[in-house]
Amino acid sequence: MSDEEHHFESKADAGASKTYPQQAGTIRKNGYIVIKGRPCKVVEVSTSKTGKHGHAKCHFVGIDIFTAKKLEDIVPSSHNCDVPHVNRTDYQLIDISEDGFVSLLTENGNTKDDLRLPTDDSLLTQIKDGFGEGKDLVVSVMSAMGEEQICALKDIGPK
C-alpha cells in the first residue's frame, strides 16, 4: 500500500459537527435547538402527557438566533433533537468599509474581514455612531452552524 492510495480531503474545521444530539425531554427554556434547519434559542417549552399508547410530546417555541424569526416544533420527548454548537467571541472593531463589511481584530492579532454589519437597526446605528466618534468598540460575534453575526456591542472607552 502506497501513500498515493490514501488521499483524504482536508477540512478547516477538523470535521467537528455543527450540532450534537440531545434528548428532547431534557432541553429547557433558554437552551438552544435546531428547528427547521435553523439554530434557535428556546423561549417556551411545554410537554403534553402521553396518550394511551403514545409518547409524551415536547412543544418547542424558538427564536432564530440570526434572523429573530419565531419557529415552532413538536417532538416526542424520548427522541433526540439536534442542538447547535453556539459560540460567542469578542473582537475589537478596527474599521467599517463602505460596502457594509467590518474589519475586526482577533485575540491573536490577526484581522477578520468577512463579517457584515448587523441587520438590527439600533445595533447598526450604535456601531456606526460609536465608530464615527472614535471610540474603542468591542463587538460580540455569535456563531452557530457555519453562520456568524454581530449580536452585541461594548464600549471600552476612547482611543
Side-chain angles (χ1 to χ4, degrees), residues 8-48 55-97 99-131 135-157:
F8 296 103
E9 194 65 42
S10 61
K11 291 188 177 81
D13 64 356
S17 175
K18 294 179 172 124
T19 61
Y20 60 94
Q22 186 175 340
Q23 193 172 335
T26 63
I27 295 172
R28 299 281 169 249
K29 189 175 172 179
N30 294 330
Y32 294 100
I33 187 173
V34 177
I35 300 177
K36 297 182 177 86
R38 301 292 304 158
C40 298
K41 184 173 181 130
V42 178
V43 291
E44 192 182 320
V45 180
S46 55
T47 310
S48 66
H55 295 277
K57 302 244 187 324
C58 292
H59 176 247
F60 295 105
V61 178
I63 305 285
D64 189 314
I65 59 178
F66 297 121
T67 65
K69 285 199 176 105
K70 191 179 195 180
L71 296 165
E72 295 186 47
D73 201 7
I74 297 174
V75 185
S77 62
S78 57
H79 288 204
N80 280 349
C81 291
D82 284 335
V83 177
H85 291 284
V86 179
N87 295 318
R88 277 179 85 128
T89 318
D90 289 348
Y91 299 106
Q92 188 165 353
L93 182 66
I94 303 171
D95 192 22
I96 300 175
S97 65
D99 57 356
F101 282 88
V102 290
S103 187
L104 305 170
L105 186 67
T106 62
E107 288 285 319
N108 57 11
N110 295 334
T111 58
K112 180 174 176 57
D113 301 310
D114 58 350
L115 265 178
R116 283 191 163 280
L117 280 166
T119 50
D120 178 32
D121 288 332
S122 64
L123 190 58
L124 181 64
T125 50
Q126 281 180 314
I127 291 173
K128 283 188 171 174
D129 293 349
F131 185 73
K135 291 180 181 170
D136 262 349
L137 300 175
V138 171
V139 294
S140 291
V141 175
M142 191 175 289
S143 60
M145 297 177 68
E147 281 186 66
E148 291 183 308
Q149 187 175 320
I150 297 171
C151 61
L153 175 70
K154 280 185 260 185
D155 184 359
I156 56 172

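Count residues from 1 along the sequence. From a predicted model like this one, the values you see are computed outputs, not experimental measurements.
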Colleague: Which heavy atom in Lys154 sits nearest to a heavy atom in Ser140, and how many Å separate them?
Modeller: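 Smallest interatomic distance, heavy atoms only, reads CE-OG, 4.3 Å.
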Colleague: State which residues pass salt bridge (charged side-chain N to carboxylate O under 4.0 Å, His left out) with Lys69; sequence neighbours excluded, sorted by chain then number.
Modeller: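 With sequence neighbours excluded, Lys69 shows a salt bridge (charged side-chain N to carboxylate O under 4.0 Å, His left out) to no residue whatsoever.
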Colleague: Measuring only between side-chain heavy atoms, which start at C-beta, is Val141 closer than 4.5 Å to Leu104?
Modeller: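 They are in contact (side-chain heavy atoms under 4.5 Å apart), so the answer is yes.
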Colleague: Measuring from atom OG of Ser103 to atom CG of Leu93, what distance do you get when rounded to the nearest 0.5 angstrom?
Modeller: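 Rounded to the nearest 0.5 Å, the OG-CG separation comes to 8.0 Å.
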Colleague: Nearest 0.5 Å, what's the CD-CZ distance between Glu148 and Arg88?
Modeller: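 Between atom CD of Glu148 and atom CZ of Arg88 there are 13.5 Å.
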Colleague: Return the minimal non-hydrogen interatomic distance between Pro84 and Val34, and the atom names on each side.
Modeller: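 For Pro84 and Val34, the tightest heavy-atom pair comes out as CD-CG2, 3.7 Å.
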Colleague: Working to the nearest 0.5 angstrom, can you tell me the gap between Gln149 CD and Leu117 CG?
Modeller: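 Reported value, rounded in 0.5 Å steps: 10.5 Å.
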Colleague: So which atom in Ala152 and which in Leu123 form the shortest heavy-atom distance, rounded to 0.1 Å?
Modeller: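 Ala152 and Leu123 have their closest heavy atoms at N-CD2, 4.0 Å.
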Colleague: So which pairs with a foot in residues 27-43 pass salt bridge (Lys or Arg N to Asp or Glu O under 4.0 Å), sequence neighbours left out?
Modeller: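 As it turns out, the salt bridge (Lys or Arg N to Asp or Glu O under 4.0 Å) pairs with a partner in residues 27-43, which skip direct neighbours, are Arg38-Asp64, Arg38-Glu147.
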Colleague: Using every non-hydrogen atom in the two residues, find where Gly25 and Cys58 come nearest and quote the distance to one decimal.
Modeller: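 Closest pair (atom of Gly25, atom of Cys58, distance): CA-SG, 4.0 Å.
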Colleague: Would you compute the distance between atom CD1 of Ile27 and atom CZ of Phe60 and round it to the nearest 0.5 angstrom?
Modeller: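 Answer for the CD1-CZ pair, Ile27 versus Phe60, is 4.5 Å.
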Colleague: Does the Ser48 side chain pair with the main chain of Lys57, one donor and one acceptor, at a distance under 3.5 Å?
Modeller: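 Flag set: sc Ser48 to bb Lys57 pair under 3.5 Å.
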Colleague: Testing the basics here: between Ile94 and Phe131, what is the closest heavy-atom pair and its distance to 0.1 Å?
Modeller: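 Reported closest heavy-atom pair: O-CE1, 3.2 Å.
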Colleague: Got a salt bridge between Lys112 and Asp114, using NZ or NE/NH1/NH2 to carboxylate O under 4.0 Å?
Modeller: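 Looking at Lys112 and Asp114, the cut-off is met.
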Colleague: Of the non-hydrogen atoms in Pro39 and Phe66, which two are nearest, and what is the gap between them?
Modeller: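 Where Pro39 meets Phe66 most closely, the heavy atoms are CG-CE1, 3.8 Å.
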Colleague: Taking only residues two or more places apart in sequence, or in another chain, which ones meet Thr89 in a side chain to side chain contact (heavy atoms under 4.5 Å, CB included)?
Modeller: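 Tyr91.
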Colleague: Within this structure, what is the CG-CD1 distance for the pair Asp82 and Ile33, rounded to the nearest 0.5 Å?
Modeller: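 If we round to the nearest 0.5 Å, Asp82:CG and Ile33:CD1 are 8.5 Å apart.
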Colleague: Within the 4.5 Å heavy-atom criterion, are Ile74 and Glu72 side-chain neighbours or not?
Modeller: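 With C-beta onward as the side chain, the pair stays apart.
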Colleague: If you measure from OH on Tyr32 to NE2 on His85, what distance do you get to the nearest 0.5 Å?
Modeller: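 The distance works out to 13.5 Å.
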